[in-house]
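One structure is given here, and the rest of the page talks about it.
Every heavy atom of this structure was used, including side-chain atoms; hydrogens, water molecules and symmetry mates were not.
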Amino acid sequence: MSDATTTDLYEVTMVMSYLREDMTAPATFSLFARDLPDERGFLVAAGLEPALDYLSGLHIGPEDVEAFATALHRPPEDLRHLLGLRFTGDVRAVPEGRIVLAGEPLLEVTAPLPQAQLVETFVLNQLNHQTAAASKAARCVIAAAGHPVVDFSLRRTHGPQAGFAAARAGAMVGFAGTSNVAAATELGIPAVGTMAHSYIEAFADEEEAFRAFARAHPGPVAFLVDTYDTEEGVRTAARVLKELGPRVSEGGSGIRLDSGDLGALAARARALLDDAGLPRVGIIASGGLDEYAIEDLVRSGAPVDTYAVGTRVGVSADAPYLDTAYKLVEYDGRPVMKLSSAKATAPGRKQVFRGPEGADVIGLADEQPPDGATPLLETVMRNGRRTGRRTTLEECRERFTTDLDALPPQARRIREPVAPRATVSGPLSTLTARVRHHIEEQVAAA
């Protein structure tokens with residue numbers, strides 16, 4: 001089996017029906033977040049690259065047909081129409097790293113209806129999870145106010161793939177490193193890490209553990225100091241660092257605080273290190289941190305140099321999912337929409353136009369941009385092939401930084417942010433009203 005089977009069963013049954021009914025005209029699906037989660041003033045687009053990898057490599061082979069047939073309790077012959085299906089469509093999307101708002105398309109797929117329908121689950125999965133992760137990580141960067149933030153989330157994420165995605169999302173918005181070796185190696189992210197409490201406990205005492213660790217790592221070292229008594233751990237770490245000499249103690253070494261009142265402990269640790277003549281030894285804080293805890297520490301003036309975030313950020317604990325949707329907006333040249341209560345959609349292929357002051361207008365894809373506005377959605381795939389090279393994390397960070405600088409200050413607040421509201425263009429409003437009226441007339445006549 002291949003990634004082609006990463007789909008929901010109802011999509012397979014619909015695709016079977018489309019093929020039987022010869023419904024293979026071009027269809028456009030739009031992917032967007034209906035609403036922002038609580039305490040969010042914006043989202044950061046992410047997940048596009050793995051989605052494009054999937055689309056460009058999609059091919060339904062005999063093993064996939066067998067898997068579908070087994071799931072449907074049908075003979076493989078009934079699914080013969082699926083064999084050999086590939087993605088041959090076009091994709092327009094917001095590049096990764098850009099800031100987006102609720103209701104705005106993150107991505108639009110235009111392809112023969114069976115193809116566009118079959119890819120729904122995988123594309124939604126990638127953009128949903130990774131946009132949520134990148135948006136959470138971005139808030140940590142904002143809260144840290146210039147202090148480095150690093151990713152320690154792999155142990156608590158929902159599987160290794162999710163951990164990899166969290167590390168990539170963090171790097172996309174400016175994290176300084178990750179403890180995830182696979183992500184660091186594959187993505188070129190700085191690898192960072194210290195030691196676990198088990199390492200300290202395995203030795204007779206802290207000092208022996210610190211010395212052994214330094215022998216194994218002759219460069220900069222970071223000692224975990226709160227396994228037993230934090231203040232005594234800082235004193236022991238300072239003594240060992242002094243003995244190691246300036247090359248180590250002044251070359252980026254540090255201590256890590258992982259529990260307790262991090263603000264008070266950081267202040268006490270800073271005083272002890274300074275008294276020991278180690279002003280360049282940094283303090284790393286970890287242990288249940290997220291943007292709220294980071295903001296509190298920064299505002300209190302805690303002398304923390306680096307923030308290591310794990311569980312709460314890796315799983316986006318307060319907003320672990322987005323209310324994203326992948327909805328049909330056009331089929332065979334006919335704009336369509338749903339009228340469901342609280343879940344109505346707008347018809348037609350769309351574009352998002354961003355004004356010079358960050359004001360967004362959602363319009364139709366063939367509209368001319370308003371004066372001074374630029375379109376957010378770019379063509380990233382045509383006829384099933386990428387239109388350009390793979391985007392880099394550096395480019396993502398540049399996009400994020402540029403968009404963040406243009407975002408209103410109230411949208412950047414960690415607590416009680418106020419999200420900018422996108423407006424709808426006149427042509428899109430007109431089309432929506434026309435299609436709605438047509439559907440309502442059909443329903444009344446039925």
Fill in the blank from the handout: Heavy atoms of Ala51 and Leu127 approach each other most closely as CB-CD1, 3.9 Å
Problem - Side-chain H-bond candidate by donor/acceptor type, Gln117 with Tyr18, under 3.5 Å - result: yes
Handout entry: Any donor-acceptor pair under 3.5 Å from Asp64 side chain to Gly61 backbone
Key = yes
Practice task
May I ask you to test the Leu107-Val94 pair for a side-chain heavy-atom distance under 4.5 Å?
Solution key: no
Handout entry: Asp53 bridged to Arg386 by N-O distance under 4.0 Å
Key = yes
Practice task
Check whether the side chains of Thr28 and Arg349 place a donor and an acceptor atom closer than 3.5 Å, and report yes or no.
Solution key: yes
Handout entry: Parallel, tilted or perpendicular: ring planes of Phe223 versus Phe213, cut at 30 and 60 degrees
Key = perpendicular
Problem - Residue pair Phe32 / Thr345, side-chain heavy-atom distance below 4.5 Å - result: yes
Completion exercise
In short, Thr178 meets Ala183 closest at the heavy-atom pair CG2-CB, 4.4 Å
Problem - Donor + acceptor pair across side chains of Arg256, Ser286 (<3.5 Å) - result: yes
Handout entry: Non-hydrogen side-chain atoms of Pro320 and Val315 separated by less than 4.5 Å
Key = no
Problem - N/O donor-acceptor pair under 3.5 Å between Thr401 side chain and Glu398 backbone - result: no
Handout entry: Salt-bridge contact Arg92-Glu378 (side-chain N to carboxylate O under 4.0 Å)
Key = no
Practice task
Check for a donor-acceptor pair, side chain of Glu108 on one end and backbone N or O of Lys350 on the other, with a separation under 3.5 Å.
Solution key: yes
Completion exercise
Checking Leu113, Ile60, Asp8 against Leu118 for side chain to side chain contact (heavy atoms under 4.5 Å, CB included), the one that qualifies is Ile60
Problem - More than 12 heavy atoms of other groups within 6.0 Å of Gln410 CD - result: yes
Practice task
Spell out, as yes or no, whether a donor-acceptor pair under 3.5 Å connects the side chain of Thr13 to the backbone of Tyr10.
Solution key: yes
Problem - Side-chain donor/acceptor of Asp290 to backbone N/O of Val313, under 3.5 Å - result: no
Practice task
For the residue pair Asp318 and Tyr292, establish whether any side-chain heavy-atom pair is separated by less than 4.5 Å.
Solution key: yes
Completion exercise
Closest non-hydrogen contact found for Cys140 with Val149 is O-CG2, 4.0 Å
Handout entry: Donor-acceptor under 3.5 Å (Ser135 side chain, Val44 main chain)
Key = yes
Exercise for the section: Determine whether Glu291 and Ile142 make a side-chain contact, defined as any pair of heavy atoms from C-beta on separated by less than 4.5 Å. Expected result: no
Practice task
Answer yes when Glu295 and Arg415 have at least one side-chain N-carboxylate O distance shorter than 4.0 Å, and no when they do not.
Solution key: yes
Exercise for the section: For Arg270 and Ala267, indicate whether the former's side chain and the latter's backbone hold a donor-acceptor pair under 3.5 Å. Expected result: no
Exercise for the section: For Thr391 and Glu49, test the side chains for any donor-to-acceptor distance below 3.5 angstrom and give the result as yes or no. Expected result: no
Exercise for the section: Evaluate the side-chain proximity of Thr5 to Val12: yes if any heavy-atom separation is below 4.5 Å, no if none is. Expected result: no
Exercise for the section: Quick one: closest heavy-atom pair of Leu36 and Leu101, and the distance? Expected result: CD2-C, 4.5 Å
Practice task
Please check if atom NE2 in His81 has more than 12 non-hydrogen atoms from other residues, nucleotides or ligands closer than 6.0 Å.
Solution key: yes
Exercise for the section: Go through the side-chain N and O atoms of Ser259 and Asp226 and say whether any donor and acceptor fall under 3.5 Å apart. Expected result: yes
Practice task
Answer with yes or no whether the side chains of Asp90 and Thr110 bring together a donor and an acceptor at under 3.5 Å.
Solution key: no
Handout entry: Leu124 and Phe122, any side-chain heavy atoms less than 4.5 Å apart
Key = no
Fill in the blank from the handout: Value for CG (Leu404) from CZ (Phe42), rounded to nearest 0.5 Å, stands at 6.0 Å
Exercise for the section: Please step through side chain to side chain contact (heavy atoms under 4.5 Å, CB included) for the pair Thr7 and Phe68, ending with a clear verdict. Expected result: CA-CA 10 Å; Thr7 187; Phe68 292 145; 3.9 Å; yes
Problem - salt_bridge(Arg390, Glu395) N-O dist < 4.0 Å - result: no
Problem - Under-4.0 Å salt bridge between Arg98 and Glu104 - result: no
Problem - Sidechain-backbone polar pair: Asp323 side chain, Ala33 backbone, donor-acceptor under 3.5 Å - result: no
Exercise for the section: Using a strict 4.0 Å threshold on nitrogen-to-oxygen distance, state whether Asp360 and Arg421 make a salt bridge. Expected result: no
Problem - Set of residues satisfying salt bridge (charged side-chain N to carboxylate O under 4.0 Å, His left out) with respect to Asp78, sequence neighbours excluded - result: Arg74
Handout entry: Side-chain donor or acceptor of Arg312 paired with backbone N/O of Gly288 under 3.5 Å
Key = yes
Problem - Gln351 side-chain N/O to Leu377 backbone N/O, donor-acceptor pair under 3.5 Å - result: yes
Problem - Check: Phe400 and Ile99 side chains under 4.5 Å, non-hydrogen atoms - result: yes
